[in-house]
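Just so we're on the same page: letters track the sequence lines, and every chain starts at 1. Values below: all heavy atoms of this structure, side chains included; hydrogens, waters and symmetry mates excluded.
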Amino acid sequence: MELLREMLSPDFLLRDALYTVVVVGLACPLIGVFFILRRLVFLGVALPQISSTGVALALSLHVWFGHHDHGHSHGQHDTSTAVAFSGALVFSILTVIVLTFLERRRKGIAEGWLGTAFVVATATSLLLIAKCPQAEQGWLDLFRGEVIAITQHELLWTGGILALVLGLLAVFRREFLLVSYDWRLAITQGRSVFGWNLLLFTLIGLTVAATVMTVGPLIAFGFLIVPTLIAKVFASTMPRLLVAGSLIGGTCAFVGFYLAFRWDLPVGPAAVGLLGILFLIAHAGAFIGQKVFSGSAT
Amino acid sequence: MEELIKLVNVDLGYGKHVVLRQLSVGFRRETITAILGDNGSGKTTLVDALAGFAKPLSGTIETEVDMRIGFVPQEESLNPEYLLSGFDVVAMGTYGRVTPGMPFPGVEADCVRECLQAADALEFAQQSFGQLSGGQKQRILIARALAARPQLLLLDEPTSGVDTKATQEIMASLRKIQLERKLTVILVTHDFGLVRRFADEVVWLRDGEAEQGATESLLSREHVAERLGLV
């Protein structure tokens, strides 16, 4: 109880990290629902990993070209953040542009290509940091989901980007739903399927870049996908799916942070592990419920 | 009677693969035309071209500028994981008239209810679309197509996977709607019985070519036997 009170205090040392993780937990499921509904879960795995390679490359280039942050001053940290975000953004956006062109062929996205992109991205990241020890620590912290060093500036940056993305998703929800659900209908209605898909995937890329940069690929993927998969077990309408996914994400982020703080664990694995346990409980509950109801019906 | 849409010397296919060659067919206004053919004969390719989903490899498709199309896909082509009600699905038919980013107007909600009524689907409006039967889903999809206020209604195997009774009911209400709204209807089907009962004209695809004519002559016993090589 004492720990909880400390976490909720405005003077909490890791306040910005806590707020960032909870904001990511609340927002990511609202965006990740498109991964689930468009059957792009594997893209949800690959995109944060590819984005984190962008972070590794940007940080390495930053160091190699003599801009290493020796003094850890506020301004230099901001520069590193901007560089890392640029790397994540460029890689995410390039990937989603390729994805939009693949979607245009109406043949879906080849899992083989995504799988290859995933392992090549991981290998590239490891090679880059092997050759650039100065960038290694920051990248490994991201990879492990270690978030305690998040600053207020990063919180505002991430929160601002997620607010922008969610705002645009809310404003254009009908168009995104239309091209996702039935692209043929969208064409007969005179809508540009390519254009709306490009905008949707760009917003997804922006989300992935922002979250990977601050909380790492593990938390980004975990909160984009798993809360919605849990909510899908019991939600019966789209609004309920969105609200339940967001609440599950936000709650697991907070509780995961608490558990990590309590037992001195990295936040990412603790929060995502909690999501995994909830996922198993929800599906087991649904399975048992189905057996009980089908048994009582016969 | 004037044709609403006409294909003139059109080659249809994908990439370099031509499925239908030098096709010249027309679809008369305010009639029901059935597109018949075996699997792989090019029915879907023809529908894709008529709806504007695919461009012809060569030739021209003549039609009115800004012709409104109501498209009814095969219900299994829609992902049931979207947790949409019947009303939500039909509302999509009106999206072409609603400015992106603007609130959904009340007049369009009225249009949705009117189209649900016309397709005898009002009772399924609040139910989850994914949990409806095949016949109920088809009624919702017909209502969705009507919500676009179309001149051309294009249906891709509208009674596939639907039981016989529901098939007859769907086709009867489709005929009623077609007459009331003076629609041009093109439907793809395998069901000769349905075509004989409900279609005015037939386009029969075979070996990359099309034969077009009135239902009673093209589906006469003698002609069908000849086409199928039974005589």
Side-chain heavy atoms of [X] within contact of [Y], under 4.5 Å:
| X | Y | answer |
| --- | --- | --- |
| B:R144 | A:L185 | yes |
| B:M92 | A:L177 | yes |
| B:Y82 | A:R38 | yes |

[atom1] of [X] to [atom2] of [Y]: how many Å apart, nearest 0.5 Å?
| X | Y | atom1 | atom2 | result |
| --- | --- | --- | --- | --- |
| B:E81 | A:L241 | CD | CG | 10.0 Å |
| A:R184 | B:L154 | CZ | CG | 11.0 Å |
| A:Q189 | B:T94 | CD | OG1 | 7.0 Å |

Heavy-atom pairs under 4.5 Å with chain B, option from [options] with the top count:
| options | result |
| --- | --- |
| A:T188, A:L37, A:V171 | A:L37 |
| A:K232, A:R39, A:E175, A:R174 | A:R174 |
| A:S236, A:A235, A:A186, A:A170 | A:S236 |

* Name the option with the most non-hydrogen atom pairs under 4.5 Å to chain A; the candidates are B:G96, B:P100, B:G101, B:G70. =>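 Of B:G96, B:P100, B:G101, B:G70, B:P100 has the most heavy-atom pairs under 4.5 Å with chain A.
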
* To do: Name the option with the most non-hydrogen atom pairs under 4.5 Å to chain A; the candidates are B:A145, B:G130, B:G93, B:P103.
  => B:G93

* Pairs involving residues 202-217 of chain A, ordered by first then second residue, that meet salt bridge (Lys or Arg N to Asp or Glu O under 4.0 Å) (sequence neighbours left out) ->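 Counting only pairs at least two positions apart or across chains, no salt bridge (Lys or Arg N to Asp or Glu O under 4.0 Å) contact touches residues 202-217 of chain A.
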
* Using a heavy-atom cutoff of under 4.5 Å, enumerate the residues of residues 247-255 of chain A that contact chain B, numbered in order, or state 'none'. => none

More than 12 heavy atoms of other groups within 6.0 Å of [X] [atom1]:
| X | atom1 | answer |
| --- | --- | --- |
| B:D66 | CG | no |
| A:F287 | CZ | no |
| B:Q131 | CD | no |

* To do: Write down the atom of A:R191, the atom of B:Y95, and the distance for their closest heavy-atom approach.
  =>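 Here A:R191 and B:Y95 meet closest at NH2-O, 2.7 Å.
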
* Looking only at heavy atoms, what is the nearest atom pair of A:D182 and B:P73, with distance? ->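 Reported closest heavy-atom pair: OD2-CG, 4.0 Å.
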
Report which part of [X] has an atom under 4.5 Å of a heavy atom belonging to chain A: side chain, backbone, both, or neither.
| X | value |
| --- | --- |
| B:V98 | both |
| B:S85 | neither |
| B:Y14 | neither |

* **Whether A:Y181 side chain and B:L84 backbone form a donor-acceptor pair below 3.5 Å** =>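 Such a contact is absent between A:Y181 side chain and B:L84 backbone.
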
